[in-house]
Amino acid sequence: MQYSGAKAKLLSSFTNPPINTTGRAAEQTILSLLQSCKTLFNLTQIHSQILKFGLQNNPLVLTKFASTSSILNAIDYASSFIFSSNSTTHYDSFLFNTIIRAYAFTSHSKNNALHFYKHMVGINVMPNKFTYPFVLKACAGLGNLNLGKQVHGSVMKFGFDDDIHVNNTLVHMYCCCSGGIEFARIVFDGMCKSDCVSWSVMIGGYARLGMSSDAVELFRKMQIEGVRPDEVTLVSLLSACTDLGALELGKWVESFIEKEKVQKSVELRNALIDMFAKCGNVDRALSLFRSMSDRTIVTWTSVIVGLAMHGRGLEAVALFNEMTKSGVAPDDVAFIGLLTACSHSNLVDEGKTYFNLMKTEFAVVPKIEHYGCMVDLFGRAGLVKEAVQFVENMPIKPNSIIWRTLITACRAHDELHLGETITKKLISKEPMQESNYVILSNIYAKMSHWEKKTSIRDVMGKKGIMKIPGSTMIELDNNIYEFVAGDKTHDNYKEIYEMIDEMARKMRRAGYVPTTTEVLLDIDEEDKEDALNRHSEKLAIAFALLKTPPGTSIRIMKNLRICGDCHSATKFISKVYNREIIVRDRNRFHSFRDGVCSCKDFW
DNA sequence: TGTTAAGTAA
C-alpha cells in the first residue's frame, strides 16, 4: 500500500527510527506515532519500539497506546506492561479508565475490565467519577448480581453515589443482572437527582424483563413528574405496548412523537412498526415501512415477522426477496421470520428452498431455532414422516422445543402412538414441564384412553407441577384488564358470567358443540363445558361485548395458544354478535369475522 | 491532563 504526505513521512520515520533518541524526545516520537497513525502500523512493531526506547512503564505512552485504537491487542499490550511492571511508576486513574473502558466495550473481555478495576484499587490508584460508569457497564454485561453489589458498595464507600451518571449506570447494571430489578428500583427511587436517562433505564429494564405493566406505570409517573421522554424512552415504552398488545397506547405514542417533535430515530420507527404489526394493525406497519428510506435489517425483519403472524406468508416471502435485492443481507433473525412465515402459510417448498439457500447463498449458519421452524413447517403441513426424518438427521442435538413441535404434529395428524412414545421420552427428561403433560393428555383424549388421561392429573399433583395459568388481556378506555380462567376478582364479574351464559345459549342455537376433550380435569361432561366457558378468552370477550358499542371490533391478547374449543367458539360468537374479534395468541393472530377465522384453521 | 450513562426484531 502506498501512502503520501504526512503518513508517508511518519512511516519512514518509523521504519528508520531515531535510534539514539532518549527521554522526552523518545516519548514524543512514540506519542506522535501513536497519535497520527492509529491502526496504520503493526502493533508489534510499535511494541518493539516502545521497548527499545525503554518506555514500557511510561504512563503517557501506555495511555495513548491503550486508547490508540479499538484493536484489543493494543489494550492487551498496554495492560501487560502494567502487570509486568515492578517499578514504582505511578499510573493515574485516567490510564486505568482508558483500559477499563476498552474492555467494558468489548464483548468477550468484560472480566478484564473488572480485573483492572480491582488491580487499580489494589495499588491505591483512586477511582474517580468516570471510572464507575465503565466498571458498571462491564458488570451489566456480565450480569453477575453479586459482583454488581460489590461495586455498588465501593461506589458508596468512595462517595460517588451523588453522581447522576454513576447512579444511572448503577440502575442499568441492576436491571441487567438476574434478580436485580428490585435493587434497580431501590437505587432509582433513592436518587437525589434524576433525569430522562434515569427514567429510560428503569422503564427499559422493566420492558426487557417482560414486566410491561410496570414499564407503562412508571412511564405514567414520569409524565406526572413532568420529565420529558426522549426517543430512547419511547422505544422501551413501545416495546411494552407490543408485549401488552396495547394498540391504543401505542397510537398515543405515535401522536406524542408528532406533537412533541421527538426525534424519529430508525430505532424508534422500527419499534413503531413492530408495535403496529404485533398489536394487530399490520397494514399500518407496512405503510410506515414503505415510508422509510433508511431501513435496517431490523426494519425488514419486523414487517416480515408481522406478516408471518397474520398468516400473510406470500407477502412475507416477497418482502424477503425485495430485501435481499436491495442489498440488505439477511441475518439469523430474518431467516427465523421468513421460515415462520412459510410454516404458518403452508409454503413447504419455499421453506425448504430458503432453508438451503440460507447456508449456500447467505452464509448464515442455521441454529436450533431454524431447525425448529423446519420441523414446524413439515409438521403443520401433515408431513410427519419428513419431520421425523428431519429431526433424526439434524446436526444439532434436538431440544425439548423441537420434540414438542414434533409431538404437536403427531397429535394434529393422528400419529398418536408415535406422539405418545416421544412424549413419554420427553417427560422422563423434563418431568417438571407442564406442557408435556397437557400434550400427553390431549393425545390420550384423542385415543379415547380416558383412564390414562385421568391418571396424568394424579402424576402432576404428586410431582407438584406448576401450572401456567392462561390469561387474556384487553385494552379498554386507557385501561388494560387481565382475565384468568374462572376469574371472579373483577368488579363486573356477575354481569360477565350472565353474559357467558347468554353467549353459550346463542352459540348452541347456532350449532356450536363444545370440544370437551380439551379439558384436562377429571370431571363430568357438564362441568367440563362449564370449565371451557370460563376460559380467560371467553371472559374477556364477554366483558368486551358488555362494554363496547355494537358492531365495533374486539381485540384480545392471550399469553398461551388459543385452545381448540375457544377457537371454534369465537367463530360462532363473531357471527352471532356480528363482531370482528381479533385474537393475538402466543404464536399468531386470529381474526374472526362472520364465523370464519383468518388462519383458515391452519395453526 | 483527557474520559461517563439508556433502546428495537422470533
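Contacts of A:Asn167 with the nucleic acid, taken as non-hydrogen atoms under 4.0 Å apart, are absent. Contacts of A:Asp274 with the nucleic acid, taken as non-hydrogen atoms under 4.0 Å apart, involve only primed sugar atoms and P, OP1 or OP2. Using a 4.0 Å heavy-atom criterion, one finds that A:Lys129 contacts the bases of the nucleic acid, with or without backbone contacts as well. Heavy atoms of A:Arg101 sit under 4.0 angstrom from primed sugar atoms or phosphate atoms, though from no base atom. Using a 4.0 Å heavy-atom criterion, one finds that A:Val201 contacts the sugar-phosphate atoms exclusively. No engagement by A:Asp332 is indicated, since no non-hydrogen atom pair under 4.0 Å with the nucleic acid exists. A:Ser265 comes within 4.0 angstrom of a base, heavy atoms only.
Checking B:dA9, B:dT8, B:dA5 against the side-chain heavy atoms of A:Pro133 singles out B:dA5 as nearest. Between B:dG2, B:dA5, B:dA6, one nucleotide has an atom nearer to the side chain of A:Cys196 than all others, and that is B:dA6. The nucleotide whose nearest atom lies closest to any side-chain atom of A:Val235 is, among B:dT8, B:dT4, B:dA9, B:dT8. With B:dT8, B:dT4, B:dA5 as the candidates, the nucleotide lying closest to the side chain of A:Val298 is B:dT8. The listed nucleotides are B:dT8, B:dA5, B:dT3; the one nearest the side chain of A:Phe105 is B:dA5. Here B:dA10 is the nucleotide among B:dA6, B:dT8, B:dA10 with the atom lying nearest to any side-chain atom of A:Lys278. Closest to the side chain of A:Ser302, out of B:dA5, B:dG7, B:dA9, is B:dA9. When each of B:dA10, B:dT8, B:dA6 is scored by its nearest atom to the side-chain atoms of A:Val305, the top-ranked nucleotide is B:dA10. For A:His165, counting side-chain heavy atoms from C-beta on, the closest listed nucleotide (B:dA5, B:dA9, B:dA6) is B:dA5. Distance from the side chain of A:Ile336 is smallest to B:dA10 among B:dG2, B:dT8, B:dA10.
Atom C1' of nucleotide B:dT8 and atom CD1 of A:Ile273 are separated by 11 Å, given to the nearest angstrom. The distance from atom CG of A:Asp162 to atom P of B:dT4 is 20 Å, rounded to the nearest whole Å. Atom NE2 of A:His152 and atom P of B:dA5 are 19 Å apart (whole Å). As rounded to whole Å, 13 Å separates atom P of B:dG2 from atom CG of A:Asn97. Counting to the nearest Å, the C1' atom of B:dA6 and the CG atom of A:Leu170 are 14 Å from each other. Across the protein-nucleic acid pair, A:Phe335 atom CZ and B:dA10 atom P stand 17 Å apart, rounded to whole Å. A:Leu272 has its CG atom 14 Å from the P atom of B:dT8, to the nearest Å. Distance, A:Tyr206 OH to B:dG7 C1': 17 Å, rounded to whole Å.
With hydrogens and angles left out, the side-chain atoms of A:Thr296 and A:Thr299 include a donor and acceptor closer than 3.5 Å.
Judged by distance alone, with hydrogens and angles left aside, A:Ser239 brings no side-chain donor or acceptor close enough to the base of B:dG7 to form a pair under 3.5 Å.
A:Phe355 has its ring centre less than 6.0 Å from the ring centre of A:Tyr371. Annotation: A:Tyr117 is not in aromatic contact with A:Phe134 [ring centroid separation under 6.0 Å not met]. Residues A:Phe390 and A:Phe378 bring their aromatic ring centres within 6.0 Å.
Residue A:Lys137 places at least one side-chain N or O under 4.0 Å from the OP1 or OP2 atom of B:dA6. Residue A:Arg208 places at least one side-chain N or O under 4.0 Å from the OP1 or OP2 atom of B:dG7. In this structure, A:His172 reaches the B:dG7 phosphate: one of its side-chain N or O atoms is under 4.0 Å from OP1 or OP2.
The structure places CZ of A:Arg295 at 11.5 Å from CE of A:Met323, a figure rounded to the nearest 0.5 Å. Atom OG1 in A:Thr98 sits 13.5 Å away from atom OH in A:Tyr91 (nearest 0.5 Å).
The shortest distance between side-chain heavy atoms of A:Val266 and A:Met292 falls below 4.5 Å.
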